[in-house]
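To start, the structure under review is shown below, and the notes come after it.
Everything quoted here is computed from the prediction, not taken from an experiment.
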Amino acid sequence: MRKRLFQFSARESSIRTSSARPELRGRASILLGARLKWYRTACSFALVALAALAASQAAAQTPMADPARRYPLPTYDEDWQFLSDPSRHSDPWDIVKYVKLARRVFVSFGGEARETYERFGNQDFGLSVPSPNGYLLQRYLLHADIHFGSHLRLWTELNSSFENGRVGGPQPVVDVDKLDLHQGFVELGLIQRTRVNVSVRTGRQEIAVGSGRLYALREGPNVPLSFDGVRAIAQTRSWRFDTWGARPVTTTPGIFDDSSHHEFSVWGAYVTRTGLEHASVDAYYLGWDLQNASFDKGVANELRHTVGARLWRNGLWSYDFEGMYQFGRFGAGDIRAWRVVAEASRGFAGRWNPRVKIDFDVASGDRNRSSPNLGTFNSFFQSGEYSGRAQLLGPSNSIRLEPTLTLAPRRNVSVSTGWGFYWRESEQDGLYGIPGNLIVPSNRVPGLYEGSRPIVEVAWTLNPHVSVHLNYIFVFNGRFEEQSVHATATESYISPWITYRF
């Protein structure tokens with residue numbers, strides 16, 4: 001099936017009884033078990049939160065004003081060589097961020113612990129088994145970054161992800177991966193000069209480029225995504241060039257059992273020009289080859305090429321315009337698909353530094369079910385921000401219009417609220433999730449309006465190590481979902497999470 005390694009599946013369970021009294025006892029035991037699971041989940045989350053807050057207080061005793069001290073994403077962009085100067089040590093974790101092993105050889109250790117609570121109301125349009133008490137997701141990452149001089153680097157990162165309390169068990173692919181190599185690559189610096197750097201990475205690695213509308217880190221789900229392949233990066237003061245060829249890594253829940261997807265390969269080239277007076281420009285080509293890809297139209301092998309360009313600017317006035325065109329083959333038919341995005345925002349001076357933003361995003365859908373040709377846009381590895389952390393809907397065959405207001409009550413606190421309105425781009429196609437899985441088939445149901453979603457997000461950065469977030473979404477489904485799959489009229493989602501990084 002299309003993007004099988006990202007698709008979700010709902011598990012159903014039933015309880016069969018032979019008499020009324022055993023049934024009552026069974027229901028009581030189930031209710032008690034659910035309450036105990038909820039109690040353990042809440043306690044675990046509270047204990048982790050208290051531990052992280054205590055650690056943050058210890059770290060906050062020494063302010064970190066050094067601009068080089070940062071924890072970027074992706075994590076392999078970290079650079080702690082400045083700690084070779086002992087006078088710049090100011091954080092308790094500095095003892096492991098720069099460990100000298102020999103002359104011109106050092107290692108840097110780091111990691112992340114993330115605890116997430118999620119609770120849905122009418123999950124998956126009311127078609128999934130409900131988890132009335134919610135569930136807890138835990139993710140732990142640990143990495144080692146070894147530098148052999150200035151030209152050779154070895155990066156390794158382990159991932160361990162768990163789920164507790166979900167009725168029916170964890171979702172495949174995105175919830176559980178007990179222990180595995182998330183990243184492990186060798187980077188060779190071919191050219192290192194004042195004006196130009198060229199390097200090659202070989203092995204397992206994360207890939208994120210541009211706006212995240214086609215290649216983004218899988219930060220929302222519990223299990224992150226990586227690729228097995230080769231990537232070359234060339235960078236000057238105002239130009240950056242990325243090119244790669246890779247296979248996505250499958251996620252299996254055991255220990256050290258993940259591997260390359262042998263029926264799925266991707267490649268691409270991405271160029272960015274920054275430093276212009278008023279804007280920056282991206283241009284790119286991306287390739288995709290997946291066996292047995294699945295769309296509302298059917299299942300076939302998919303060979304897809306994407307060309308695109310982006311014009312963007314950050315500042316008091318910010319904007320982001322991007323256009324994409326896709327062509328290739330789907331079985332015996334041709335692929336012709338497209339996507340256009342326009343975002344603009346304006347910041348205002350005043351109390352709480354308000355910023356107003358408007359997003360307009362249109363991606364094509366298929367227009368003729370009887371034709372072998374395919375018009376559905378493929379969003380590749382789209383960021384989950386398209387429809388909020390709940391990742392209810394992806395951009396394929398979708399029109400999104402969303403105004404947003406962001407406030408900063410304090411320097412390290414932001415509150416964002418918006419209301420997204422969604423339509424199908426074509427009545428002949430269904431609705432797809434973020435990873436491209438079909439979630440609501442068209443079933444020849446007329447009507448373009450899909451629904452709307454008010455959303456609230458709160459982010460609080462206590463210090464460089466600790467951040468706390470809250471995401472709430474309410475969903476008003478349209479008549480299309482109700483008529484196609486007998487969906488519920490509304491859905492809801494709430495998720496607080498806390499992240500500790502070092």
Side-chain angles (χ1 to χ4, degrees), residues 1-7 207-216 225 227-231 242-250 260-271 282-310 322-341 361-383 386 394-399 424-426 428-439 441-442:
M1 299 295 289
R2 179 174 181 255
K3 300 184 186 175
R4 288 173 294 177
L5 63 161
F6 309 114
Q7 292 184 7
I207 299 178
V209 293
S211 62
R213 297 188 181 101
L214 289 165
Y215 271 83
L225 170 66
F227 301 81
D228 287 337
V230 179
R231 183 181 184 185
D242 286 78
T243 183
W244 64 91
R247 292 184 181 275
V249 175
T250 63
S260 303
H261 196 299
H262 298 298
E263 296 182 346
F264 192 3
S265 58
V266 295
W267 59 94
Y270 201 102
V271 181
D282 299 352
Y284 52 88
Y285 159 77
L286 307 174
W288 170 288
D289 188 358
L290 175 62
Q291 305 298 305
N292 300 315
S294 177
F295 293 86
D296 194 20
K297 170 164 284 184
V299 178
N301 295 341
E302 177 189 8
L303 175 63
R304 189 179 296 246
H305 308 278
T306 301
V307 291
R310 176 183 176 223
E322 189 165 6
M324 294 154 265
Y325 180 73
Q326 296 182 334
F327 58 96
R329 299 287 294 175
F330 179 70
D334 294 327
I335 294 174
R336 297 290 184 269
W338 52 268
R339 182 180 181 185
V340 177
V341 182
D361 193 335
V362 185
S364 66
D366 192 57
R367 295 191 172 279
N368 189 344
R369 293 184 59 87
S370 62
S371 169
N373 299 329
L374 179 66
T376 308
F377 181 81
N378 185 335
S379 58
F380 285 23
F381 311 101
Q382 159 81 40
S383 165
Y386 177 82
S396 301
N397 188 38
S398 180
I399 301 174
R424 286 190 295 166
E425 197 277 328
S426 170
Q428 304 300 312
D429 206 349
L431 296 177
Y432 297 83
I434 288 289
N437 54 308
L438 181 66
I439 53 177
S442 59

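- A donor-acceptor pair under 3.5 Å is absent between the side-chain atoms of R424 and the main chain of L431, judged by distance alone.
- For the pair S364 (side chain) and G375 (backbone), a donor-acceptor distance under 3.5 Å is present.
- With rounding to the nearest 0.5 angstrom, the OG1 atom of T306 is 3.5 Å from the CD atom of Q326.
- Counting only distance, with no hydrogens or angles, the side chain of D334 and the backbone of R329 share no donor-acceptor pair below 3.5 Å.
- When all heavy atoms of N368 and Q428 are compared, the closest pair comes out as N-CB, 4.3 Å.
- In terms of modelled atom types and a separation under 3.5 Å, the side chain of N301 and the main chain of Q291 share no donor-acceptor contact.
- The backbone N or O of S211 lies less than 3.5 Å from no partner atom in the side chain of E322, so there is not a single donor-acceptor pair.
- At a threshold of 4.5 Å between non-hydrogen side-chain atoms, the residues R231 and D242 count as touching.
- One finds the OH atom of Y284 at 15.5 Å from the OG1 atom of T243 (value rounded to the nearest 0.5 Å).
- For the pair D366 (side chain) and T376 (backbone), a donor-acceptor distance under 3.5 Å is absent.
- Remark: the backbone N or O of H261 is not paired with any side-chain donor or acceptor of T250 at under 3.5 angstrom.
- Among residues two or more places apart in sequence or in another chain, the side-chain hydrogen bond (donor to acceptor under 3.5 Å, both in side chains) test is passed with S442 by D296, R369.
- Closest approach of Q382 and P395 over heavy atoms only: OE1-CG, 3.8 Å.
- When side chains are defined from C-beta on, L438 counts as touching Y432, because their heavy atoms get closer than 4.5 Å.
- Between the CG atom in N378 and the CZ atom in F295 there is a gap of 5.0 Å [rounded to 0.5 Å].
- With rounding to the nearest 0.5 angstrom, the OG atom of S265 is 12.5 Å from the CG atom of D228.
- A heavy-atom distance below 4.5 Å is not found between the side chains of R213 and F380.
- Shortest non-hydrogen contact noted between A216 and G212 is CB-O, 3.4 Å.
- Listed for the K297 side chain is a donor-acceptor partner under 3.5 Å among the backbone atoms of N373.
- Judged purely by atom type and a 3.5 angstrom limit, S396 uses its side chain to pair as donor or acceptor with the backbone of F377.
- Between D361 and R339, the closest side-chain pair of non-hydrogen atoms falls below 4.5 Å.
- Between I207 and F381 the shortest side-chain heavy-atom distance does not fall below 4.5 Å.
- The residue from W288, W244, Y270, W267 that alone fulfils the ring pair (Phe, Tyr, Trp, His ring centres under 6.0 Å) condition with Y215 is W244.
- Listed here is the closest heavy atom pair of E302 and A293: OE1-CB, 3.3 Å.
- Counting heavy atoms from C-beta on, the side chains of M324 and V341 come closer than 4.5 Å.
- With 3.5 Å as the limit, one finds no donor-acceptor pair spanning the side chains of Y386 and S379.
- Contacts of R310 classified as side-chain hydrogen bond (donor to acceptor under 3.5 Å, both in side chains), with partners at least two apart in sequence or in another chain: D282, D320.
- Remark: the backbone N or O of H262 is paired with a side-chain donor or acceptor of R247 at under 3.5 angstrom.
- Shown here for G328 and H305, the closest heavy-atom pair between the two residues is CA-CD2, 4.3 Å.
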